[in-house]
Amino acid sequence: MQKDFHYYATYCAAYLAGYTHEESMDICYSAQFVDLCSETLLRKIKGPEEAATTQLQIEMVEARTDVAGLRNITRIWSSFHFLPYDLYAEKKKVSKRYLNKFRLICDTNSDLLVETVKLAKDSSLQAAGVAMHVLADTWAHRYFAGTPSLVINNTDYYFYELVPAEDGSFTERPVQFKHNPSAPDDPEKGIYINSLYQSNEKSIMNLGHGRAGHLPDYSFARYKYLPAWGNYCEIVKDNPSDYMHAFCQMIYALKYLRGVNESFEKNVYDTDAVRPWEDEIKAMLGKRQLDACEDWLKFAEKLSGREVADFDIEKYQSEYTEAAVKDETYLGRFITAALAQKNMVTYSIFKSGSKLAGESIVNKKSPFIDKLSEAAKKRREER
Amino acid sequence: MNIFKRARKILLGMGMIIGGFLFLLIPEAGYQVLIIILSISLLVYGVKTIIYYFTMARNMVGGKSALFKSIILLDTAMLTASFSTLRPAYLILYLVGMYAVSGVINILRSAEAKKFDSPMWKMKLASGIINILIAVIAMVFGLFLHSAEMPVYLFAGVVINSGVFSIAAAFQKEKPIYIP
Amino acid sequence: MDQDEIIRSRIRKHRNTLNILGTGTMALGIWNVIKFIIGLISTPKEILDELFAEQIYTDNMMLLILILIVLLGGSMALYLYAGDRARAEGRGKKRRSFYIGVVFLLSLMHTLSALYIVITLLSGYDIRESVLSIIVAVIVDMTAAITLAEMGWSAVMIRKYQRMAITEK
């Protein structure tokens with residue numbers, strides 16, 4: 001997903017879940033920051049590079065594609081952008097090597113998603129933001145895996161956009177994929193940019209939804225294609241519907257984090273909270289535009305009646321670099337939350353028998369674990 | 001490019017230049033060594049691809065292309081190995097085909113790189129032109145003038161050329177490629 | 001997954017096979033011709049001796065060249081036709097079944113070629129080529145035969161599944 005959803009829509013979801021304007025700003029900033037917190041940025045602010053939640057293009061070009069490099073890539077992308085659906089999925093007559101990658105395929109309403117949301121319970125607003133980013137991305141990035149893999153993430157010429165006609169029906173139009181990074185996508189002509197086909201299984205070009213370009217991240221897109229792992233079965237992706245589900249589920253999750261709901265269950269969506277604005281949100285999601293920030297901003301400001309500041313990547317950086325106790329700063333809390341999420345997912349993948357995200361141990365006596373518990377306890381007392 | 005990749009490219013380049021000069025100095029042994037190197041590398045690549053097909057790609061939509069590729073590679077490896085008992089004319093034929101195709105591919109890649117404003121286009125174009133020139137020289141000397149040492153000298157030239165380009169590429173600045 | 005979707009997925013799978021192998025068949029046809037021509041340029045006597053008696057090609061060189069061009073052209077045309085039709089069907093366009101016959105015919109020709117080589121070798125006939133070259137030739141022929149047969153099989157299966165889909169409707 002893009003800034004329009006991770007920042008502005010998350011703000012709206014937080015506000016509708018009952019958070020104040022200031023709290024909603026903290027949550028949505030954190031949600032958007034997940035897409036920007038790279039090793040480069042962490043080095044700049046002298047933060048721990050292990051807390052990286054994304055990788056810049058230049059970092060991926062330079063990334064090692066040996067075992068250690070691939071594990072690092074998988075840790076980051078599976079933990080924050082392509083949360084695995086079923087780490088114990090079975091598929092007959094396949095090798096272990098294939099099965100390990102198959103099990104990393106992202107989809108909605110997974111056990112790991114429940115763990116992600118629960119991890120943010122009684123924690124910081126930044127943790128809530130991280131969880132909301134992960135939740136939202138499970139809807140946009142479903143059917144792709146956060147590890148470089150041709151056999152899982154590849155797409156081919158069978159790729160059609162379902163373009164809505166005025167009478168409500170849909171026309172199938174073949175998607176033209178091009179590889180020119182400087183040219184923008186052209187939804188009117190059905191021309192989109194994707195990553196170049198690379199027959200090397202572990203090529204960076206085969207990471208995530210690169211082979212489908214930005215289509216999964218456009219809320220208006222409806223398309224059908226053959227996922228590489230799908231045994232020639234067609235998948236129809238309806239982003240307007242999926243994004244609406246993501247929005248309603250975020251509200252439900254945030255209400256749980258606020259303490260309004262007692263539990264967070266799979267396949268539950270707070271459609272009641274959205275009902276007064278359903279048509280407006282559907283119109284925004286269905287509008288064929290590459291960037292819906294302006295529409296979501298207007299909606300957000302209408303909801304809260306307050307000005308929603310634009311995202312500024314440098315907003316909290318000096319606070320972090322100048323602080324003596326970094327954990328208490330905004331970015332410090334974000335880093336703590338990011339590390340917790342990454343550790344949880346990495347450990348889960350390791351426990352399932354796969355070393356694609358590296359080896360992981362849980363040391364119950366680790367000072368990091370103690371710190372997490374102490375921080376959570378302190379926050380509970382403050383409230 | 002990170003430091004490991006750079007170091008690997010430089011070491012590989014130096015190894016290729018030294019290997020190329022060795023071929024020039026002892027061409028008699030060069031012919032057989034050439035066949036062995038070519039066929040073994042193709043065989044290894046073919047076997048790797050076929051293993052990849054059976055463990056991974058057969059579960060993938062369009063994965064059959066990997067099987068096809070592996071069969072072609074294995075066929076080519078065996079074909080190359082059989083050149084040791086044939087006249088050099090067949091090896092020259094092989095070199096002509098291989099380098100002509102490689103040259104055309106490099107020129108097409110150069111055009112693509114230029115379209116993306118990548119600084120790599122000049123090097124790819126130069127590499128492509130050199131490969132085609134090698135193919136033409138091979139055809140003229142080998143097929144029409146029937147020169148038996150030509151394959152070895154050609155291969156030596158190609159190896160040295162590749163070594164030089166490998167070292168040059170290690171110092172080239174790369175433009176980030178598109179990854180969404 | 002319902003029965004309709006299973007049938008559709010099988011059709012897609014076979015179309016994909018046709019697309020890939022169709023491309024390979026076209027490349028095979030072109031490569032066969034290139035190989036022959038360059039062999040003719042580099043070692044004309046050996047190639048012609050295998051095909052004709054020396055007297056024939058010495059006296060009727062121009063006619064022979066014409067015949068070779070026609071045969072080579074015809075051979076390449078068959079491969080290109082079969083490959084192109086397969087690719088088109090692989091992309092979902094409807095094509096008549098005639099090309100399937102051509103595909104199986106080409107497969108049969110490759111099989112017979114491989115058998116001929118094996119029989120020639122086993123019968124102790126004096127051949128100029130090495131054993132390794134012969135093995136290579138047999139394997140290449142058999143690979144081509146199997147690939148072409150699989151392509152034909154995929155085309156047949158597409159028709160079968162399409163009939164099943166219509167019947168069920």
Side-chain angles (χ1 to χ4, degrees), chain A residues 85-86 89-94 98 102 105 107-108 142-144 149-163 170-178 190-191 194 196-201 206 211-212 222-238 241, chain C residues 1-28 31 80 82-95 99-100 103 143 147 149-169:
Chain A
Y85 175 69
D86 185 356
E90 291 296 332
K91 196 166 181 182
K92 288 181 186 166
K93 295 180 188 172
V94 299
Y98 179 86
F102 181 77
I105 294 171
D107 205 344
T108 60
R142 57 199 303 205
Y143 312 129
F144 292 97
S149 175
L150 177 72
V151 297
I152 301 293
N153 293 328
N154 191 39
T155 63
D156 65 1
Y157 56 85
Y158 190 99
F159 210 115
Y160 299 89
E161 195 182 353
L162 304 169
V163 183
F170 292 95
T171 329
E172 275 182 25
R173 179 174 67 186
V175 171
Q176 289 179 62
F177 279 123
K178 296 207 186 292
I191 300 172
N194 76 342
L196 209 57
Y197 173 77
Q198 293 280 316
S199 61
N200 180 1
E201 165 69 11
N206 297 322
R211 294 287 295 143
R222 289 179 183 88
Y223 51 93
K224 65 176 193 178
Y225 70 107
L226 301 180
W229 51 267
N231 200 22
Y232 296 89
C233 291
E234 198 179 73
I235 290 234
V236 178
K237 187 84 168 40
D238 183 346
S241 167
Chain C
M1 201 166 45
D2 67 350
Q3 190 65 15
D4 270 349
E5 182 53 28
I6 292 172
I7 291 172
R8 278 194 294 266
S9 70
R10 298 259 163 89
I11 291 174
R12 280 181 219 121
K13 182 175 182 174
H14 287 296
R15 279 190 177 147
N16 198 268
T17 301
L18 281 182
N19 195 32
I20 293 169
L21 297 186
T23 311
T25 301
M26 291 172 79
L28 180 67
W31 173 239
L80 290 178
D84 180 63
R85 286 290 178 268
R87 273 165 51 92
E89 183 148 7
R91 297 263 172 166
K93 294 177 191 171
K94 283 203 171 153
R95 287 288 177 264
Y99 86 93
I100 301 174
V103 167
T143 307
T147 306
E150 189 175 356
M151 204 166 88
W153 177 249
S154 287
V156 166
M157 292 307 287
I158 285 173
R159 281 154 179 76
K160 177 190 162 188
Y161 283 123
Q162 280 171 340
R163 272 197 299 274
M164 274 171 70
I166 292 167
T167 311
E168 283 187 10
K169 276 179 191 164

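So that the names make sense, note that chain A is the first sequence line, chain B the second, and so on, each numbered from 1. Worth knowing before you read on, the calculation uses all heavy atoms, side chains too, and leaves out hydrogens, waters and symmetry mates. All of these numbers come straight from a predicted model, not from anything done at the bench.
Within 6.0 Å of NZ in A:K237 there are more than 12 heavy atoms belonging to other residues, nucleotides or ligands. For A:Y85, the OH atom is loosely surrounded, since the number of other residues' heavy atoms within 6.0 Å does not exceed 12. Other residues, nucleotides and ligands contribute at most 12 non-hydrogen atoms within 6.0 Å of the NZ atom of C:K160.
A:E234 places no side-chain N or O within donor-acceptor distance of the main-chain N or O of C:E5, the cut-off being under 3.5 Å.
Heavy-atom distances place the side chain of C:N19, and not its backbone, under 4.5 Å from chain A.
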CA sep, side-chain torsions, deciding dist, call: C:N16, A:D156, side chain to side chain contact (heavy atoms under 4.5 Å, CB included): CA-CA 10 Å; C:N16 198 268; A:D156 65 1; 3.5 Å; yes

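Atom OH of A:Y232 is separated from atom CZ of C:R12 by 11.0 Å, given to the nearest 0.5 angstrom.
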